[in-house]
Amino acid sequence: MSKNTNAVAISTKAKSNKTKSDQKPTPLFATDYNVYINHTDAGGIVYHANHLVFFENCRRDWFGQLGLNGYFLKDDDGDVQHFVVSQADLQYKRAILLDEIINVRIDKVELKPASIIFYQSIHRRTPDSSSSDSDDNTKANNHLFNQTLLSNAKIVIACVKNQVTSERISDNKPDTNTAPMRPIRVPQELRDAIQQVITQNADES
């Protein structure tokens, strides 16, 4: 093989790798939400804490799609397990406005023994400006969109077990436990369901 042929082969390979690396990974889950007046402040901009609400709703809807109750799960002994947010790291990129339709995603999930780490993002849907006027019908039919990032987050939810019974609360009895909740392992059913989605997503990418 000549030097020129080698150069072409290397260039083609590099271009192929670049194209592959430039492709955005498919999210594990994505869903649209309408922005209502109760989400916003007086200026019609979504209140910053409500980004967390949209992220929470997205996670809950994903658990529902998996056929699981992601909030209250029982172990073999009948004890209730549930999740609490133990860490939230948000980056705000652009304002979310009243009456928009936003796309909220679960981009990546990491499974830990007693917690789940979610990497999530919120995007604005805008018509694909790269299409020519002659492609308007195709654009409308195929719902082609550019996605504008509005915020992203790393959110850690910890699996815990209640240690305060309703009887003790109603009778105003002192709680002898050092903490109302203690960490516990993520239920295997939920772990298996999430791992299956992660594996399928990796195979399709």
Side-chain angles (χ1 to χ4, degrees), residues 23-36 38-39 46-76 78-93 96-97 99-126 128 141-162 181 183-205:
Q23 292 178 347
K24 294 181 180 179
T26 304
L28 297 174
F29 179 75
T31 187
D32 289 342
Y33 295 103
N34 291 294
V35 177
Y36 297 121
N38 57 292
H39 296 133
V46 169
Y47 187 61
H48 67 274
N50 280 333
H51 287 242
L52 284 169
V53 173
F54 286 119
F55 287 135
E56 170 71 20
N57 291 342
C58 180
R59 294 195 301 273
R60 183 64 185 88
D61 288 341
W62 188 45
F63 283 142
Q65 186 189 69
L66 296 177
L68 301 168
N69 185 331
Y71 288 120
F72 302 102
L73 301 157
K74 289 187 177 182
D75 60 18
D76 294 336
D79 293 322
V80 175
Q81 302 169 318
H82 65 103
F83 289 97
V84 294
V85 174
S86 62
Q87 178 184 338
D89 181 12
L90 276 70
Q91 291 185 327
Y92 300 97
K93 304 293 187 179
I96 303 177
L97 307 177
D99 290 335
E100 286 194 301
I101 298 176
I102 56 174
N103 187 255
V104 187
R105 302 176 178 181
I106 298 173
D107 299 298
K108 179 183 175 182
V109 171
E110 295 179 3
L111 290 167
K112 303 295 182 181
S115 64
I116 306 174
I117 303 174
F118 286 87
Y119 296 88
Q120 296 184 252
S121 57
I122 299 176
H123 300 258
R124 171 179 293 126
R125 290 186 175 276
T126 57
D128 187 354
N141 292 333
N142 295 333
H143 305 288
L144 298 178
F145 291 95
N146 286 326
Q147 301 291 347
T148 301
L149 179 64
L150 302 175
S151 66
N152 55 16
K154 173 185 176 183
I155 298 175
V156 182
I157 60 172
C159 187
V160 297
K161 176 182 176 182
N162 289 334
M181 299 177 292
I184 195 169
R185 294 184 67 86
V186 175
Q188 192 62 44
E189 181 183 13
L190 180 58
R191 178 181 292 275
D192 291 344
I194 292 176
Q195 186 58 58
Q196 182 178 2
V197 176
I198 293 174
T199 301
Q200 290 176 347
N201 184 267
D203 292 341
E204 293 171 359
S205 298

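Side chains included, hydrogens not; waters and symmetry mates left out as well; all remaining heavy atoms used.
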If you define the side chain from C-beta out and look only at heavy atoms, does anything of Ile155 sit under 4.5 Å from Ile117?
no
Straight-line distance of Tyr119 OH to Leu28 CG, nearest 0.5 Å
12.5 Å
Are any side-chain N or O atoms of Asn34 and backbone N or O atoms of Asp99, one a donor and one an acceptor, separated by less than 3.5 Å?
no
Do the non-hydrogen side-chain atoms of Glu204 and Thr26 ever get within less than 4.5 Å of each other?
no
Establish, from distance only, whether the side-chain atoms of Arg185 and Gln81 form a donor-acceptor pair under 3.5 Å.
no
side-chain contact (heavy atoms from CB on, under 4.5 Å) partner of Trp62, chosen from Val109, Val104, Asn57
Val109
Checking Asp203 now: which residues fulfil salt bridge (charged side-chain N to carboxylate O under 4.0 Å, His left out) with it, not counting sequence neighbours?
none
Evaluate the side chain to side chain contact (heavy atoms under 4.5 Å, CB included) criterion for residues Leu190 and Ile116: first the C-alpha distance (whole Å), next the side-chain angles of each, then the deciding distance (0.1 Å), finally the verdict.
CA-CA 10 Å; Leu190 180 58; Ile116 306 174; 4.2 Å; yes
Do Asp61 and Tyr33 have side-chain N/O donor and acceptor atoms under 3.5 Å apart?
yes
To the nearest 0.5 Å, how far apart are CD1 in Ile102 and CD1 in Ile96?
4.5 Å
Counting only heavy atoms not in Tyr92 (residues, nucleotides, ligands), do more than 12 fall under 6.0 Å from its OH?
yes
Please give me the minimum heavy-atom distance between His51 and Val46, naming the atom from each residue.
CD2-CG1, 4.1 Å
dist Ile184:CD1 -> Ser115:OG (nearest 0.5 Å) comes out at 13.5 Å
Please confirm whether Arg105 makes a cation-pi placement over Phe29, using NZ or CZ under 6.0 Å from the six-membered ring centre and within 45° of the ring normal.
no
Going by the rule salt bridge (charged side-chain N to carboxylate O under 4.0 Å, His left out), which residues pair with Lys112 if we only count those two or more places apart in sequence or in a different chain?
none
With a 6.0 Å cut-off on the ring centroids, do Phe54 and His39 count as close?
yes
Val35 vs Leu97 side-chain heavy atoms within contact, under 4.5 Å
no
Partners meeting salt bridge (charged side-chain N to carboxylate O under 4.0 Å, His left out) with Glu110 (sequence neighbours left out):
Lys108
Gln200, CD: over 12 other non-hydrogen atoms inside 6.0 angstrom
yes
Out of Ile157, Val160, Val156, which one pairs with Val84 under the side-chain contact (heavy atoms from CB on, under 4.5 Å) rule?
Val160
Taking every non-hydrogen atom, the tightest pair across Leu149 and Ser151:
CD1-O, 3.4 Å
Could you point out which residue of Gln196, Gln195, Gln188 forms a side chain to side chain donor-acceptor pair (under 3.5 Å) with Asp192?
Gln188
Checking Gln120 side chain against Phe55 main chain: does a donor-acceptor pair fall under 3.5 Å?
yes
Can you find a pair of side-chain heavy atoms, one from Pro183 and one from Cys159, that are under 4.5 Å apart?
no
Rounded to the nearest 0.5 Å, the CD1 atom of Ile194 sits from the CD atom of Glu189 at a distance of 11.0 Å
Can Ser121 and Asp107 be counted as having a side-chain donor-acceptor contact under 3.5 angstrom?
yes
Just verifying a value: how many Å separate Ile122 CD1 and Asn50 CG, rounded to the nearest 0.5 Å?
9.5 Å
Going from CG on Asn103 to SG on Cys58, what distance comes out if it is rounded to the nearest 0.5 angstrom?
8.5 Å
